[in-house]
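Each remark here refers to the structure printed beneath this line.
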Amino acid sequence: MSGDNAHNHSQLDSGSRYNDSHKHKEKNKDKEHKHKDHKKDKEREKSKHGNSEHKDFSDKKHRDKDKLKHKDGSSDKPRDKDKYKDKEKRKDEKKSLEGKIKKENGFASPPRIKSEPDGEDFYHSPKSLKRERDDDESDYKPKKIKVENDREDKKDIKPKKKTKNKKGEVADGKKKAKKEPEEKWKWWEEERSTDGSKWKFLEHKGPVFAAPYDPLPSNVKFYYDGKPMKLSTDAEETATFFSKMLEHDYTTKDIFRKNFFKDWRKEMTSEEKAKITDLNKCNFTEMYEYFKAQSEARKQMSKAEKLKIKEENERILQEYGFCIMDNHRERIANFRIEPPGLFRGRGDHPKMGMLKRRIRTQDVIINCSKDSKHPKPPPGTKWKEVRHDNKVTWLVSWTENIQGSIKYIMLNPSSRIKGEKDWQKYETARRLKKIVDRIRAQYREDWKSKEMRIRQRAVALYFIDKLALRAGNEKEEGETADTVGCCSLRVEHMNIYPEKDGQEYVVEFDFLGKDSIRYYNKVPVEKRVFKNLQLFMENKQPEDDLFDRLNTSILNKHLQELMDGLTAKVFRTYNASITLQQQLNELTSPDENLVAKILSYNRANRAVAILCNHQRAPPKTFEKSMQNLQTKIDAKKDQLSDAKRELKSSKADAKVRRDEKAKKTVEVKKKAVQRIEEQLMKLEVQATDREENKQIALGTSKLNYLDPRISVAWCKKWSIPIEKIYNKTQREKFAWAIDMAEDDYEF
DNA sequence: TAATTAACTTAGCAGATTTCAA
DNA sequence: TTGAAATCTGCTAAGTTAATTA
């Protein structure tokens, strides 16, 4: 494995932690698989940033000692079974509580045979879920709904009394009986459906449509060729979309303007069409000013007015923002239909500026239970269709006109249906952990294969594993921005150097990935990989595919054979999570204070974000806020030296006077110095953290790639309040992990 | 078998809201 | 109390993957 520093595993071990299924017999907190098994010594080098200004995190050594030769992926089955037992145990503990819940809800978990077909079953792949539905649906119809996820967390209500009062009046009274959501529903303690159905009962109120167009007041004019011109409603509405974006770079781009103008003309009457032939002669500034003034006015509204709006939004949220799924009231993620506007693609999108049509009732498909109260379409309109498909999770869908793709309304991440899936995702990644050594050994072997397709597959997989590249589906040309992932890399996206900057076999990647975020990375690879790349590139044009015998479908089929549920993206999840765990182990020092520990956490998080190439535009106010912080630091330093001076003189004073009062003064001064020192350190840490974070986005990995149980365990281990790591939304999303992970959880 | 479609996850950004400091 | 900065949230585009269709 010499050349591969990304994955240099040495299996250190500590037998003591060796563990397997028998462990699960003990009563333990191991709600999840706890096996102190793998750890790896791994060095993930990286100087990868889309942008050269990035701080360099290369040379972060990610280290993790592996204890166990848990080589065989298939071995995880018994464990799952044990875990299932564990679950049972927990359930017993919770029995009294549950009994209560059941009664209240009239809801009981479906009776399930204790001996599941196989332990694997809890995390079965969707494929195994083919059984016909046989449960009695009526069990799932709510007799009384439990109110959870109610936005009204105690903390939530800032203007406490007021809101409450008003709500009583304004919001629909019944649901809002303002009970504390006594118990949050712990869906993770319940059985999962095994028949492939996503729900048994689903009821909701349908989507909230975009507000109808509100025509401009007559004094706000559009000018063509210098002359005012009254537009027809449709043409005017479309024009307002453009006018609202006047400040944006988009409106200066040729493609944007061209697309917009073309679609705009479609909205015009024939007279308008005849007259308006050149976008450059259009003057939207009055409209622009009008909207700007409006938004300004909105900011200037009185408190009462603002409150009124807030309450109205809350009312809509309460009415449309929740659904009833299998006896629980669950929050919907996006219950509003996307309003019309101009399409803003990312990067160099060929369709930017096109008109995103208004969605009408007759475009909308509703999905709900047959026996639920179906959502009512607005008066005088009809849904496109009402269907009852419980094999899917969406409540509402429509087809969007730019790409012709389907948009969905689905549940919030805090919901059972999303949470289960998320949990399952991390379990799959953990199964990969158990066999990743084997897989690595295999792809290394495959580099030598006589078959080109095998070699390509093996090299691609190596990149996906080592560099956390995305799979890289082919895309239709001209439909979207030209971005690539691993399988779709082209020759022009890399340079290879037998020797560069003192390193051998260097590959330099430079391409646009998802969202047209640049991926730039220079990385030494093993000789075999290098030779293979040379071969793949031979006799090819820059625009030719690097892996011409490979696509995501072939790759994933291969992965599927290596492990049930394994796909390319599992590697990203796995490598992200394992990196976090290793980095936390490495960076956290026990005697640091809380602030420093959190900095360590952020650094670990940052290592992952860099691995996954999660970038952000530096905040507009970055320089300024950095400056402000520096000013503060300087001031604090002055304050510190003052305090120190005072301490010194008080000490001198005490020496002379030798009375109690003087002694006390010394104590007080000492404390003051300490306090200021702490404050100073906090500021300095903050500055470091912010600087390092300039163009790295931590949120994406935190939300999508890092097994939350790792973070929860870390918090528990070091007595860090979980609020320091996860904000409210995140805590809701990861409630399952917060509840189940103990301080010794291992990914 | 390849192309297309459907479903769902992942992504960055912008505006809203909250927090902080003067 | 106010305004600026920090943080959160909603939005929706852009991916991945599996299923379906040609």
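Lettering follows sequence order; numbering is per chain, from 1. Please read all numbers here as calculations on a predicted model, not as lab measurements.
- Rounded to whole Å, atom C1' of B:dT1 lies 16 Å from atom CG of A:Leu550.
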I'd like a table of atom pairs between the protein and nucleotides 8-10 of chain B - only N or O on both sides, under 3.5 Å - with the distance next to each one.
| unit_1 | atom_1 | unit_2 | atom_2 | d |
| --- | --- | --- | --- | --- |
| B:dC8 | OP1 | A:Lys198 | NZ | 3.1 |
| B:dC8 | OP1 | A:Thr393 | N | 3.4 |
| B:dC8 | OP2 | A:Thr393 | N | 3.0 |
| B:dC8 | OP2 | A:Thr393 | OG1 | 3.0 |
| B:dT9 | OP2 | A:Lys418 | NZ | 2.4 |
| B:dT9 | O3' | A:Lys569 | NZ | 3.2 |
| B:dT10 | OP1 | A:Lys569 | NZ | 3.0 |
| B:dT10 | OP2 | A:Lys425 | NZ | 2.7 |
| B:dT10 | O3' | A:Tyr705 | OH | 3.0 |
| B:dT10 | O2 | A:Lys514 | NZ | 2.5 |

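- If you run side chain to side chain contact (heavy atoms under 4.5 Å, CB included) between A:Asn367 and each of A:Val386, A:Val396, A:Thr393, A:Asp389, only A:Asp389 comes through.
- Nucleotide B:dA6 holds its C1' atom 15 Å from the CD atom of A:Gln403, rounded to whole Å.
- In this structure, A:Phe509 and A:Tyr519 have perpendicular ring planes: the angle between them is above 60°, well past the 30° mark.
- For the pair A:Glu400 CD and C:dA13 P, the interatomic distance rounds to 7 Å; values are reported in whole Å.
- Nearest-nucleotide positions on DNA chain C place A:Met626 closer to the 5' end than the other of A:Pro339 and A:Met626.
- Taking for each of A:Glu338 and A:Tyr726 the nucleotide of DNA chain C with the nearest heavy atom, the 5'-most of the two is the partner of A:Tyr726.
- Considering only heavy atoms from C-beta on, A:Leu489 stays 4.5 Å or farther from A:Asp545 through its side chain.
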Start with the C-alpha distance between A:Leu698 and A:Arg606, add both sets of side-chain angles, then the distance that settles side-chain contact (heavy atoms from CB on, under 4.5 Å), and finish with yes or no. CA-CA 6 Å; A:Leu698 299 186; A:Arg606 200 138 51 226; 4.1 Å; yes
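- Note on A:Gly404: nothing from the nucleic acid sits closer than 4.0 angstrom, heavy atoms only.
- A:Gly513 comes within contact range of the sugar-phosphate backbone alone, with a heavy-atom separation under 4.0 Å but no base atom that close.
- Because its NZ or CZ atom is not both nearer than 6.0 Å to the ring centre of A:Phe343 and within 45° of the ring axis, A:Lys351 does not count as a cation-pi partner of that residue.
- At a threshold of 4.0 angstrom between heavy atoms, the contacts of A:Ala568 are confined to the sugar-phosphate backbone, with no base atom among them.
- Residue contacts shown for A:Lys356 are limited to sugar-phosphate atoms, with no base heavy atom under 4.0 Å away.
- Per the geometry, CG belonging to A:Leu342 stands 15 Å off C1' belonging to C:dA13, to the nearest Å.
- Within 6.0 Å of atom CG in A:Asp642, more than 12 heavy atoms from other residues, nucleotides or ligands are found, so the atom counts as buried in its surroundings.
- Atom pair A:Asn313:CG and B:dA16:P shows a separation of 11 Å (rounding to whole Å applied).
- The distance from atom CG of A:Asn727 to atom P of B:dT19 is 11 Å, rounded to the nearest whole Å.
- You'll find that the side chain of A:Arg387 is closest to B:dA7, out of B:dA7, C:dA18, C:dA14.
- Heavy-atom nearest nucleotides on DNA chain B were determined for A:Ala617 and for A:Glu476, and the one closer to the 5' end corresponds to A:Glu476.
- Relative orientation of the A:Tyr250 and A:His248 rings is parallel, given thresholds of 30° and 60° on the angle between their planes.
- Remark: C1' of C:dT17 and CZ of A:Phe571 are 15 Å apart, rounded to the nearest angstrom.
- Checking the phosphate oxygens (OP1, OP2) of B:dC13, no side-chain nitrogen or oxygen of A:Arg344 falls inside 4.0 Å.
- Within 4.0 Å of A:Arg690, counting heavy atoms only, lie sugar-phosphate atoms of the nucleic acid but no base atom.
- For A:Asn473 and C:dG15, the shortest distance from a side-chain N or O to OP1 or OP2 is not below 4.0 Å.
- Residue A:Thr567 has no polar side-chain atom (N or O) positioned under 4.0 Å from OP1 or OP2 of C:dT16.
- A:His614 contributes no side-chain N or O that, together with a main-chain N or O of A:Ala697, makes up a donor-acceptor pair within less than 3.5 Å.
- Contact annotation: A:Thr483 side-chain N/O to C:dG15 OP1/OP2 distance is under 4.0 Å.
- What separates CG of A:Leu555 from C1' of C:dA18 is a distance of 15 Å, to the nearest Å.
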